[in-house]
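Below, chains carry the letters A, B, ... as their sequence lines are ordered, and counting in each starts from 1.
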Protein chains: 2
Amino acid sequence: MDRSGSPAAEPGSDTRHGFSTQVTVDVVALTVRADRLEVLLVRRDEPPHAGCWALPGRFVRDGEDLEPAAARALAEKAGAPGLAAHLEQLRTYGAPERDPRGRVVTVAYLAFAPAPPSVAGALDARWFGLAELQPPGAHRLAFDHAAILADGVERARAKLEYSSLGTAFCTEPFTAAELRRVYEAVWGVPLDPRNFWRKISSTPGLLLAVPGRSIPGPTGGRPAARFRRGPATVLHPPILRPQPDPYPPPHTPLSPA
Amino acid sequence: MDRSGSPAAEPGSDTRHGFSTQVTVDVVALTVRADRLEVLLVRRDEPPHAGCWALPGRFVRDGEDLEPAAARALAEKAGAPGLAAHLEQLRTYGAPERDPRGRVVTVAYLAFAPAPPSVAGALDARWFGLAELQPPGAHRLAFDHAAILADGVERARAKLEYSSLGTAFCTEPFTAAELRRVYEAVWGVPLDPRNFWRKISSTPGLLLAVPGRSIPGPTGGRPAARFRRGPATVLHPPILRPQPDPYPPPHTPLSPA
DNA sequence: TCAATAGTGTCTTTTAGACATTATATG
DNA sequence: CATATAATGTCTAAAAGACACTATTGA
């Protein structure tokens, strides 16, 4: 922005201002249902990539800010307007050839939603388990949406470590076990219920106790305490996901020459 | 992107495609010089905000990807082309009224650079210590660049915790003390040299020993070992900055009703 | 009763923070 | 010599991971 013809003047056809570009928003909307991480996709009915599944998105209108545009894109496709409990900017993608129609720069957003009670409109919008999208064949997403989705999932995994946003996947009131299953689904690893409970219960401001108790499932079990989201937004200390050892020898001091 | 007239058709003047928008890139280029965090600013010579200092930026050209555009904006203003040791996307800003000339969406980038040997062109580009920009009066940045700068600084502080990017501020070869002073400058807190050494030396792949030794300063002192950046990109375990207690009572277990 | 889930406590290992001590330079 | 900086070691407290045990439900 904000740069007008100055020192290094532009010689091309776009001297003073850059040429014009289309700006869109796309939303990586994630939810956890049945211990599985899912993403909301819509089927494209027009070229390019007609028939392909894509992230819900829309053009940014004149006078419309980016985040409201993303919220509207999500509300239009998912049916429920207030679906997402959290919406944040993910990243912007602007490779020149990413859209065959011309130069289209998209600002991707990341949304966390509790599992929606009804399975969306069922028509041309659907929640997909991430496993369905991974295998070689599977579905091929339109444009560069597979890369955007991968970035969104990685961001979500990192966010759960340092922020309280795991609770954005839970329908209030929720139990500690429900929150733990969110972590397990997003990270794809099992967590020790007792250690997990210790961590979340010792983080001030993360959980607010709600009077009643949960009703056990058909297999029985002790009723669980219920909580609402607290005012805390960051986790201290963080809940770090189990690490696939990054570099070979752990704790090998240096031997300077 | 990628959304063509579908279910919720657009009624306004922009039916099929959105209206056209200018897209720019702006760079928050940071460096550490004399134990101080500094940012590169350029003086605007044209309206709007003529005479104000601003982040270096430029319009994105046809066929040009975003990151190369940011790299070029930085190279043009800072003189040195290969200045930055690291360049990453920060965030995109697109509030409708952020530029009086019309709708301009800017993709902000964050650059880390070793302290440049010469103080830039000196003409209309300068490195500013962050303290110079904080006080009430001080300099007022053009557009929403103050907010972008604040986001960039916060991102830099967070990055130092979990990534090896602190080394991007160091000129190779560097010593452990130089890297520590980078952390102290970016975080604005003093760190224990011994504990800091233990952390960075026990992180595999972070530092590569270089044969020689540093020459002590005029005040003497034992010569320090020298290092290059290693292949590691993430820090395990992280080097967490001292925390301003987020919520009142630390480690207060819950008392469910 | 048993099986299942919730919640608490204990032990060990790891890591962080504070700080003493030794090594090697300049003046 | 004194002073400054680098590098290593030691101690304590906090946190993580593994896991035993008790509590309360449904069948």
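- Judged by closest nucleotide on DNA chain D, Thr219(B) is the one of Thr219(B) and Pro238(A) placed further toward the 5' end.
- Below the 3.5 angstrom threshold, one finds a donor paired with an acceptor across the side chain of Arg198(B) and the base of dG17(C).
- Checked against dT5(C), dT5(D), dA15(D), the side chain of Pro237(A) finds its nearest nucleotide in dA15(D).
- For the pair Trp197(B) and dA6(D), the criterion of a side-chain N or O lying under 4.0 Å from OP1 or OP2 is not met.
- Relative ring orientation between Phe128(A) and Trp53(A) is described as perpendicular, the plane-to-plane angle rising above 60° on a 0-90° scale split at 30° and 60°.
- Considering only side-chain atoms of Asp192(A), the nucleotide from dG7(C), dA23(C), dC19(D) that sits closest is dC19(D).
- Within the 4.5 Å cutoff, the side chain of Asp26(B) has no heavy atoms near those of the Val28(B) side chain.
- Between dT24(D), dA15(D), dA7(D), one nucleotide has an atom nearer to the side chain of Pro223(A) than all others, and that is dT24(D).
- Summarising the geometry, the separation between CD on Glu184(A) and P on dT5(C) is reported as 12 Å, rounded to the nearest angstrom.
- For the pair Arg222(B) CZ and dT22(C) C1', the computed distance is 8 Å after rounding to whole Å.
- Between Leu191(B) atom CG and dC19(C) atom P the separation is 15 Å, expressed in whole Å.
- Using a 4.0 Å heavy-atom distance criterion, Pro193(A) is classed as making no nucleic acid contact.
- Shown are Arg198(B), Arg180(B), Glu184(B); of these, the side chain to side chain contact (heavy atoms under 4.5 Å, CB included) with Pro193(B) is made only by Arg180(B).
- Rounded to a whole Å, the CZ atom of Phe227(B) is 11 Å from the P atom of dA6(D).
- In this pair, Phe174(B) and Phe227(B) present their aromatic rings tilted. The plane angle is within the 30 to 60° band.
- Taken over five-pair windows at either terminus, the axes of the helix from dT1(C)-dA27(D) to dG27(C)-dC1(D) are inclined to one another by 0° (rounded to 10 degrees).
- Looking at the side chain of Arg194(B), the nearest of the listed nucleotides dA7(D), dA16(C), dA4(C) is dA7(D).
- Contact annotation: Arg213(B) side-chain N/O to dA7(D) OP1/OP2 distance is under 4.0 Å.
- Residue order along DNA chain C, read from the 5' end via each residue's closest nucleotide, puts Ala177(A) first among Asn195(A) and Ala177(A).
- One can place CD1 of Ile200(B) at 11 Å from P of dA6(D), the figure rounded to the nearest angstrom.
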